[in-house]
Amino acid sequence: MSEPSALAGSGIDQEPDYEVVIIGAGVTGIYQAKRLVDLGVRMTVLEANGDLGGTWYNNRYPGARFDSESFTYGYSFSQEVLDEWHWTEQFSPQPENLRYLNYVVDKFELRRHMQFGCRVKSMVFDDSTDAWTLELDDGRKISTRFVATAVGVLSAPTMPRFEGMDTFEGESFHAFHWPHDPVDLAGKRVAVVGTGATAIQLIPEVAKEAAHLTVFQRRPNWAAPLNNAPITEPEMAAIRARYDEIFATCARTPGGFEHEPDRRGFYSLSAEERRALWDKLYDEPGFGIWLRNFVEIFIDEDANAEFSAYIADRIRQRVDDPVLAEKLIPKDHGFGIQRVPLETHYFEAYNRDNVELVDSSETPIARVTPTGIDTTDRAFAFDVIVYSTGFDAFTGAFDRIDIRTSVGRKLRDKWSAGPVTYLGIAVSGFPNMVMLAGPQSAATNFPRGAELAVNWVTPLLVYMREHGYRRFDVDEAAEAAWCEHVQEMYEGLLIRKAKSWITGYNSNIDGHEYGKTRYNIYNGGGPKYAKRLHEVAANDYEGLRFR
């Protein structure tokens with residue numbers, strides 16, 4: 001489909017302040033802004049933070065970095081950017097990631113379209129004008145024909161609910177809100193509460209600096225080595241020469257990475273041959289140990305159990321204390337049925353004399369005190385407490401905005417039992433709102449999924465221009481069919497048993513039912529999801545109603 005140079009002057013009513021408002025100036029919002037600017041669309045980006053970058057603006061804790069290969073994470077839309085940017089590490093650290101996003105924004109002069117320090121309090125759709133009114137926390141109101149949410153999957157951090165947290169006299173914060181000014185941990189007694197993906201990156205770095213580090217673990221996570229390394233000039237030149245191949249591979253793999261599954265069949269190889277493959281993958285960079293593995297580890301209990309036993313053995317080899325090693329090995333789920341954290345010397349950190357693990361399942365945290373943390377067993381004194389306690393994933397950023405219609409329908413209410421969407425992009429009853437990489441879209445390497453969403457939404461707006469439409473909504477039957485399909489894609493996969501932030505099973509979030517799966521992601525893989533999006537667009541955006 002050819003795209004006109006602008007949506008402006010197209011018959012879409014010009015009364016609102018903007019044609020499109022994008023919420024969020026992270027990876028996704030930046031790319032959507034670029035596409036709309038190229039079309040001459042009257043738009044703005046509203047960003048709650050003081051500057052652009054999204055997750056890479058906020059997550060400044062020591063050890064924060066990509067766990068996707070840098071060259072598969074960056075944008076693919078600009079040959080100039082691909083030619084000019086040199087990734088310095090296979091898995092780029094947070095400061096470089098933020099520099100990269102600023103480089104892209106400045107190169108294409110997108111900053112002038114962005115407003116920072118603008119947190120959206122509410123969004124109300126008016127049926128009489130077919131427009132949204134957004135109220136910001138500074139009291140301003142902005143009207144727009146369309147809203148594109150680029151709020152991120154993990155942008156709503158959650159704090160625990162321990163008694164006395166506000167009484168602690170030292171420094172305390174969620175890892176997501178790590179202070180932008182350097183935090184001096186030298187000689188300090190530090191607590192890290194939680195052992196999720198963030199903590200797994202953070203703990204080895206804190207251990208190097210703190211006088212003493214105490215880790216409070218409720219339940220252990222599987223993790224595998226990142227195996228990071230610098231990228232030399234010749235290596236970067238070779239990467240540039242095969243960018244087309246890299247992105248083509250990402251487009252055909254289920255996870256949007258260069259890692260393609262091993263389809264020889266788990267049981268077609270001997271146990272010795274399987275172990276030889278795992279030894280090779282364990283020592284290679286990135287998600288190969290997870291995604292270049294046998295397909296059966298995701299669907300077959302026995303295959304997953306054998307592989308999990310292999311990973312457990314590798315952990316035991318890395319932890320000096322055998323009793324401690326067992327505490328670091330999950331017993332309630334197998335490897336790979338939840339999102340796998342990648343680590344650098346995480347398990348070795350527990351071999352240090354200045355690192356202590358507290359098993360919160362045995363001796364729970366009772367309260368936070370002015371001087372530290374009391375468990376049911378003993379009192380600990382700390383100078384710094386870091387809460388690495390996760391996020392209200394997928395829907396949390398939406399729930400923190402009062403999204404409703406003029407007749408009182410609230411998105412928060414519709415999603416009380418979990419997200420309900422069409423294609424992970426639109427929601428019936430909430431016209432002219434598109435979600436970029438929203439809940440129930442494909443679980444893939446994030447920027448690859450984000451580009452896919454933006455490249456579908458942008459032609460949708462052009463389609464509406466060409467036909468003189470100013471409003472779209474989702475057919476309820478189409479939405480119900482998509483949600484049913486999303487649920488079906490959990491069947492047969494071991495992820496259906498996961499008790500993680502992906503399924504929301506063990507959520508402690510207000511309004512979430514503990515022990516009930518929330519169908520937050522599409523498990524069909526990137527290629528199948530892309531095929532479905534293409535089919536919908538080719539059939540005049542079936543499932544959407546226009547006027």
Okay, side chain of [X], backbone of [Y]: is any donor-acceptor separation there less than 3.5 Å?
{"X": "R448", "Y": "T72", "answer": "yes"}
{"X": "Q440", "Y": "Y519", "answer": "yes"}
{"X": "T363", "Y": "S360", "answer": "no"}
{"X": "H174", "Y": "G390", "answer": "yes"}
{"X": "N227", "Y": "Y282", "answer": "yes"}

Problem set entry | Salt bridge present between E209 and K188 (N-O < 4.0 angstrom) | no
Distance alone, cut at 3.5 Å: any donor-acceptor contact between the side chains of [X] and [Y]?
{"X": "R65", "Y": "N97", "answer": "no"}
{"X": "E205", "Y": "H345", "answer": "no"}
{"X": "E89", "Y": "N228", "answer": "yes"}
{"X": "D279", "Y": "Y310", "answer": "yes"}
{"X": "N293", "Y": "W278", "answer": "yes"}
{"X": "T88", "Y": "E96", "answer": "yes"}
{"X": "N445", "Y": "S68", "answer": "yes"}
{"X": "E451", "Y": "Y75", "answer": "no"}
{"X": "D359", "Y": "S361", "answer": "yes"}

Problem set entry | Counterpart residues, salt bridge (Lys or Arg N to Asp or Glu O under 4.0 Å), relative to R292 (two or more places apart) | none
Seminar exercise, completed: Those residues at least two apart in sequence (or on a different chain) that pass salt bridge (Lys or Arg N to Asp or Glu O under 4.0 Å) with D283 are R314
For this session: Please check if atom CZ in R140 has more than 12 non-hydrogen atoms from other residues, nucleotides or ligands closer than 6.0 Å.
Result: yes
Problem set entry | Crowding at NZ, K410 (>12 non-hydrogen neighbours, <6.0 Å) | no
For this session: Can you run down the ring-ring contact (aromatic ring centres under 6.0 Å, His included) pairs that involve residues 189-208, sequence neighbours left out, and say none if there aren't any?
Result: none
Exercise. In terms of the angle between their ring planes, are Y100 and W87 parallel, tilted or perpendicular, with boundaries placed at 30° and 60°?
Worked result: tilted
Problem set entry | Aromatic ring pairing Y522/Y529, orientation class (parallel under 30°, perpendicular over 60°, tilted between) | tilted
For this session: For the pair M165 and I385, evaluate side-chain contact (heavy atoms from CB on, under 4.5 Å) and give the outcome as yes or no after the intermediate values.
Result: CA-CA 10 Å; M165 287 174 58; I385 300 175; over 6 Å; no
Exercise. Does the cation-pi check pass for R274 over F266, that is, NZ or CZ under 6.0 Å from the six-membered ring centre and within 45° of its axis?
Worked result: yes
